[in-house]
Amino acid sequence: MSKRKNNRAWFLVLPTLIIVAFSAIIPLMTVVNYSVQDILGPNTRVFVGFEWFREVLRDAELHGAFLRQVLFSLAILLIQIPFGVGVGLLMPRRGWSASLCLVIIALPLLIPWNVVGTIWQIFCRTDIGLGGAFLDGMGVDYNYAIDPVDAWLTVLVMDVWHWTPLVALLCYAGLRAIPDAYYQAAQIDGASPWAVFRHIQLPKLKNVLIIAVLLRFMDSFMVYTEPFVLTGGGPGNSTTFLSQFLARMAVGQFDLGPAAAFSLIYFLFVLLFCYIFYTVVMRPDDAPGS
Amino acid sequence: MADIILADISHSYVAQPDPSEYVLRRVDVHFGDGEAHALLGPSGCGKTTMLNLISGLIHPTSGQIRYGAKDVTRLPTRRRNIAQVFQFPVLYDTMTVFDNLAFPLRNRGRPDSEVKKRVGEIADLLELDSELTRRAANLTPDLKQIISLGRGLVRDDVAAILLDEPLTVIDPQRKWQIRRTLRQVHEQFRHTSIYVTHDQTEALTFADRVWVMNEGKIVQEGSPDELFRRPEHTFVGYFIGTPGMNILPCQLVDGAAMVAGQSIPLSDEVWQQARRDQGSFEIGIRPEFVELVAGGDSTDHGQPGELSVTITAVEDHGRFSIASAELGEHQIKAKLTDRVPPAPGQNARIRFAGGELHLYRDQRIVCADEPSGDHRPAATPAGGN
């Protein structure tokens, strides 16, 4: 092959390159650019090096938001993954009930995020909301607008309602992909339902669960819309997570430099977590057994 | 261990089946205790369905399944105490090979010492000793299947061992060896074994009794020799043997079968049986029993029972050759071992070895010896010897 021909091949990559440049590389580099400058006005900017990074990392309010964020994502994973697997296992495998189940379970995923927030915001109000009024009527002292614990619980329940279906659907698809022969062999071998789950279903779901954990981690770590609509980050700062903190910094106070620095840290953290998680769970399969 | 009896079993995978939707049609089978059985038939004939009915993975639409005297028709698999090896290997790939083999025993709460001993024995038998500590992932397909086989063999108290085309994924050389191991295992433990296959060599080498199936029915049951020498149904003649039996439509005229204007004498008994009823008649003769008459050509009429044919093709298989010939508008094949094969295009005379020609009415054999019921070959051509 001649060299000229080789160079021509670059033209074929060009469209992709342009799309990626506009969708990812240029915006990202803009953020990098902002993060090392103090922007005083449209034409006045000063190079400040890593100053914004230092400032942001020392911010106590941000530490609080970060801690809440980690706690939130952890709780989301601990609840939604087992719950989703459970729902996936319980869903009927065939027939009209399977289709019906799929539709019902997929419903929360089809609702726009701010609508989800609104639904729960109204549902949980003690004066006009069905759920809130019911709890109030039962004598439970509940008000998400005042009590931080109530606010947290409400945000968690809302997210579980909204996103467990995704985990369940992924698991359901994974379970459906297991050939019948495995279940037949397990019956022949006299395996209990627990043994079937432990030795057939769970191992076969491994890849699906990795995807589910990654998706749910990333999404929950960047959660913004629903808590913003439901509680507005309150009461106080109790449900202010990282995205909202960031939005306040960038849009509310117009601190573009610190916001950009923080965005990069945020981005690298998510990337790092996913990378570590993926490498740890994807160890080679043929490691010697016990 | 027990006899396995299927009484009047019909099965359909459809809830309200039409008569055409049955995969098994009123099957009666008795698998004798401690014997090696083979279910032989083409793909889709209902073999695997029958196996899954026996193990309880599916339940029959109608009929009864018994292990010895015990009715198990509605019992779930777990309570039937049966071993089954599937066509494609199934392994628990988070476990080691040892744990895989031990799984059926541990599920039944056997003590550790016994588990260790049994797994050791089976690993010895299947030459798996060096693999026991490996994880059962990323193994070659045939090793996987051998481990699956081991899981089937590891329990010594099973009612029967069911093998569903277990050698499909195994490479030919290993296949031969495992077939022998299977036979050895059978001879050692004397489990009732049922081996499903569409490969006649596998069936005939493994089994004491072979059940030939077609379209949801058992067509014939017998020893490999019986199936070869005396197919009761033209399907058996056609399906067993390489190449299959020559089946030629014929008319009956005065104690003889007329094929393409040439006459093949029938024995008196067969003639007497055959003339009683109407039907469409065929003669069947295995290629192994078609002989070329030395020095014969089609210009003279030869001895009674000799037929004039035109050789159309000769395939050389090394130790033997298969000659195809035209007999009128029909094709007939001969397996020739001991002579220089004839050349294509040549006219020749053939005859059928004594006692090996069978007459079929509506695809069922016409027996000369029905009253006495012994297994002497039924139809004997009068000429040819």
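What you see is a predicted model, and the numbers here were worked out from it, not measured in a lab. Sequence lines set the chain letters: A, B, ... in the order given, protein chains first and strands last, and positions in each chain run from 1.
- Between the side chain of Arg78(B) and the backbone N or O of Asp189(A) there is no donor-acceptor pair closer than 3.5 Å.
- Taking OG from Ser55(B) and CD from Gln187(A), the interatomic distance works out to 8.0 Å, rounded to the nearest 0.5 Å.
- Between the CD atom in Gln184(A) and the OG1 atom in Thr77(B) there is a gap of 8.5 Å [rounded to 0.5 Å].
- Interface remark: Arg106(B) contributes no atoms to any contact with chain A (heavy atom separation under 4.5 Å).
- Nearest approach of Arg151(B) to Ala185(A), heavy atoms of both residues: NH2-CB, 3.9 Å.
- Taking a 6.0 Å sphere around CZ of Arg93(A), one finds it holds more than 12 heavy atoms contributed by other residues, nucleotides or ligands.
- Annotation for Phe83(A): atom CZ does not count as buried by contact number, only 12 or fewer foreign heavy atoms lying within 6.0 Å.
- With a 4.5 Å cut-off on non-hydrogen atoms, Leu91(B) touches chain A through its backbone but not through its side chain.
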Residue pair Phe86(B), Ile188(A): steps toward the side-chain contact (heavy atoms from CB on, under 4.5 Å) verdict
CA-CA 11 Å; Phe86(B) 298 91; Ile188(A) 297 283; 4.1 Å; yes
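- The number of heavy-atom neighbours closer than 6.0 Å to CG of Leu57(A), taken from other residues, nucleotides and ligands shown, is above 12.
- In this structure, Gln16(B) places its CD atom where only 12 or fewer heavy-atom neighbours from other residues, nucleotides or ligands lie under 6.0 Å away.
- Across Gly190(A) and Asn107(B), no two heavy atoms sit closer than the pair O-CB, 3.3 Å.
- For chain B, the option among Lys204(A), His199(A), Arg198(A) with the highest count of heavy-atom pairs below 4.5 Å is His199(A).
- Within a 6.0 Å sphere centred on CZ of Phe277(A), other residues, nucleotides and ligands contribute more than 12 heavy atoms.
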